[in-house]
Amino acid sequence: MTSETVAEERAETGTGAQAEPSAWARRLRRFGYAESARTDTRERLVPPFPEPGTRVWQMLGLGPALSLRLARWSGWLGPILVSLFAGVIRFWHLGSPRDVVFDETYYAKDAWALLQYGYEGTWPDGKVSNPEILAHPQVIPLSNVGGYVVHPPTGKWIIAVGEWMFGLNPFGWRFMMAVLGTLSVLMLCRIGRRLFRSTALGCIAGLLMSVDGLQYVMSRIALLDLVIMFFALAAFGCLLIDRDWSRARLAAALPVDEDGFARPDDTVGSRTGMGWRPWRIAAAVMLGLAASSKWNGLYFLAFFTILTVLWDVGSRRVAGARRPRLAVLRKDLGWSLLTMLPTALVTYLLTWTGWFMSSNGYGRHWADGRGGTWSWIPAPLRSLWHYEYQVYQFNVNLHASHPYQSNPWSWLVLGRPVSYYFESPKYGQDGCRTASGCSREILALGTPLLWWAACFALVYLLYRWIARRDWRAGAILCAAGAGYLPWFHYQDRTIFYFYAVAFVPYLCLAVTMMIGAFLGPREATESRRMWGAVGAGTLVLLIVWNFIYFFPIYTGMTIPYHSWQARMWLDSWI
């Protein structure tokens, strides 16, 4: 926890700098949590980023000028280096296995149809079409008859970009997933930096996600869930920037005393507008794209809309509003709803442009010539509504048994991962050099030590949010809940663990915040910081080692059967 965090906590709790320290505060001082003499309300609204240090660069033998320049670039240099590492391992042998893996049989082919017609066409059964697609010469048995599909088109359009560049082959349909997986690491580094006001902690969050097995596997397979994760994370980042921008406007309007310190003011807190908020509109666009990849993206829209309104309440309280909820109701709530919800809806509808412009899209002309109460609505919109209603009925009534389905209660402890690909090469096949045989598997499994550490981290964040009123903990919990909690409503439906990739970034942020607590505040003693760094570094290194250990079953490498069996830590993983 940094000194800026302490200042912000005082802002949220309303404690003044001159107040008599409590017994709890005196106890914390022994661990380095010292109170500052006085806090400017502007800094309480928008805690500044600390000046980057140059000691590490100078220890490497660099001159003072170059060290200062590199320190100032570290806010981007660090995240870019972490992202390069993530990108290298995600693009490594991306086209292997050269096969149609799991549900790629739907999304890769639908993406190709979108490229050809603007809507999903009809394919023969996968047992027929998949070998033809992978054959030499290639055969593409695609019909222009509209196909019934149960997910919106955005995720498939993104897959189609890679196919447009590299063709209908495993590398082509996986390419954009690897791009999004890499860019999401870069985003998380920057989001963590803004959230914790620490470049180091931001890079740790990105590093943790770069070595998470579930996010890694999903970055190398053409499924839709990583697309939801990407756009929801982008929306979360946009809302964080919007929070700082809007609070900066309130800070600029506060009166300043003769000593140059800004103080809370009821008039400013209650009546000052927060101005044009383009980052909130950008977040709504991202959330519309998430929902138009898979419908569970809608939950992020609902949760994040509530979150940003609560942030506005906190902002006006710190600025001095005596009745911040009323102030938000009067000044902010209407604009929040008018910018978030309609923007997301328009974005969603625009993603169906190819279907709207088609003649053969499934159900495209259902409403043509139909009368009734809703006949005043344009026929294409009514046709889409009818189509979406059919899709909704399919999704909520999907109860077919599947060997890899799982209950959301088991997700955090990795109770039942999903095997996307499995082969048992014999001696001399696919590089097998063991007489007893080998195994090749792609297992959608989060890095166990990271996920199990996240279970403790979430409990710690609940404490920080409830007992210490830490807004960062609340934000992370809200985002994780948006991706996780709604699935408990569908426990009778056929659902899978890999849906959890949508909230992986927030598990990494939760572990990072716990690591920040290990490290301690900047004011802590050198001994306290050293032992905290040892503990934090040990945890990160163990997580990285755990990823390396499971790397063969994330990538479908040929390994001896006994090595594969050694990695099946739980019987339910088989």
Side-chain angles (χ1 to χ4, degrees), residues 89 93 96-106 126-127 130 211-223 225-226 398-455 484 487 490-504 507 542-574:
I89 62 175
H93 288 186
S96 177
R98 193 178 184 281
D99 206 339
V100 180
V101 175
F102 201 66
D103 281 353
E104 286 183 340
T105 189
Y106 304 114
K127 293 180 181 180
N130 293 348
V211 296
D212 174 61
L214 180 60
Q215 203 269 0
Y216 177 77
V217 169
M218 297 297 287
S219 298
R220 292 167 54 85
I221 300 295
L223 303 187
D225 301 86
L226 187 89
L398 181 60
H399 302 301
S401 179
H402 192 283
Y404 287 105
Q405 69 185 72
S406 60
N407 191 286
W409 287 105
S410 69
W411 289 358
L412 289 178
V413 294
L414 308 179
R416 184 59 171 164
V418 181
S419 180
Y420 287 159
Y421 177 85
F422 187 86
E423 284 188 346
S424 300
K426 304 301 181 183
Y427 180 76
Q429 298 177 345
D430 292 334
C432 181
R433 298 291 182 264
T434 306
S436 59
C438 299
S439 294
R440 292 185 65 194
E441 182 172 31
I442 298 176
L443 187 66
L445 170 72
T447 302
L449 293 186
L450 172 59
W451 281 68
W452 295 338
C455 294
Y484 184 36
W487 291 111
Y490 302 103
Q491 293 185 65
D492 294 331
R493 184 188 184 274
T494 307
I495 55 178
F496 301 91
Y497 161 70
F498 65 81
Y499 298 167
V501 73
F503 61 85
V504 164
L507 298 185
L542 285 174
I543 291 171
V544 172
W545 164 83
N546 201 208
F547 173 76
I548 295 171
Y549 178 73
F550 283 98
F551 189 78
I553 63 172
Y554 293 146
T555 55
M557 295 174 62
T558 300
I559 57 175
Y561 177 77
H562 63 82
S563 297
W564 170 83
Q565 196 170 39
R567 288 165 171 80
M568 298 297 104
W569 285 3
L570 301 178
D571 292 340
S572 60
W573 293 1
I574 299 175

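These figures come from a predicted structure and were not determined experimentally.
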Under a 4.5 Å cut-off applied to non-hydrogen side-chain atoms, are P417 and L214 in contact?
no
Looking only at heavy atoms, what is the nearest atom pair of N546 and P448, with distance?
OD1-CD, 3.1 Å
Can you name the ring-ring contact (aromatic ring centres under 6.0 Å, His included) partners of Y561, sequence neighbours left out?
W564
If we ignore hydrogens and angles and just use 3.5 Å, is the side chain of R220 paired with the main-chain N or O of H93 as donor and acceptor?
yes
Closest heavy-atom pair, G428 versus R433, reported as atoms and distance to 0.1 Å, is CA-NH1, 4.5 Å
Please find the pair of heavy atoms, one from G126 and one from T105, that lie closest to each other, and give the distance.
CA-OG1, 4.1 Å
Heavy-atom closest pair, residues P425 and C432
O-SG, 3.9 Å
Please report the interatomic distance CZ(R416) to CD1(I574), rounded to the nearest 0.5 Å.
9.0 Å
Check: Y404 ring centre within less than 6.0 Å of F498 ring centre
no
Is the H402 ring parallel, tilted or perpendicular to the F496 ring (thresholds 30°, 60°)?
perpendicular
Check whether more than 12 heavy atoms from other residues, nucleotides or ligands sit under 6.0 Å from atom OH of Y549, and answer yes or no.
yes
To the nearest 0.5 Å, tell me how far L450 CG sits from L542 CG.
12.0 Å
Between atom CG of L223 and atom CD of E104, what is the distance when rounded to the nearest 0.5 Å?
6.5 Å
Start with the C-alpha distance between L412 and L507, add both sets of side-chain angles, then the distance that settles side-chain contact (heavy atoms from CB on, under 4.5 Å), and finish with yes or no.
CA-CA 10 Å; L412 289 178; L507 298 185; 4.2 Å; yes
In terms of ring plane angle, is the pair W411 and Y499 parallel, tilted or perpendicular, where the classes change at 30° and 60°?
perpendicular
Heavy-atom pair with the smallest gap, counting every atom of L570 and L414
CD1-O, 3.9 Å
Assess the pair W451 and Y497: is the distance between their ring centroids shorter than 6.0 Å?
yes
Taken to the nearest 0.5 Å, the spacing of S563 OG from M568 CE works out to 11.0 Å
Would you find a donor on one side and an acceptor on the other, under 3.5 Å apart, between the side chain of R440 and the backbone of T558?
no
Which atoms form the tightest heavy-atom contact between Y421 and D99, and what is the distance?
CE1-OD2, 3.8 Å
With rounding to the nearest 0.5 Å, note down the distance linking CD1 in I559 to OG1 in T555.
8.5 Å
Are the side chains of F547 and I89 in contact, using a 4.5 Å heavy-atom criterion?
yes
S439 OG to M557 CE distance, which is reported to the nearest 0.5 Å
13.0 Å
Measuring only between side-chain heavy atoms, which start at C-beta, is D103 closer than 4.5 Å to Y420?
no
Using modelled atom types only, decide if a donor and an acceptor are shared between the side chain of Y484 and the backbone of P408 within a distance under 3.5 Å.
yes
Quick check on side chain to side chain contact (heavy atoms under 4.5 Å, CB included): which of I543, V211, V544 does L449 satisfy it with?
I543
Which residue pairs pass the side chain to side chain donor-acceptor pair (under 3.5 Å) test when at least one of the two sits in residues 565-574, sequence neighbours left out?
none
Check the angle between the aromatic planes of Y216 and F551 and answer parallel, tilted or perpendicular using the 30° and 60° thresholds.
tilted
Flag, side chain of E441 to backbone of I553, donor-acceptor distance under 3.5 Å
no
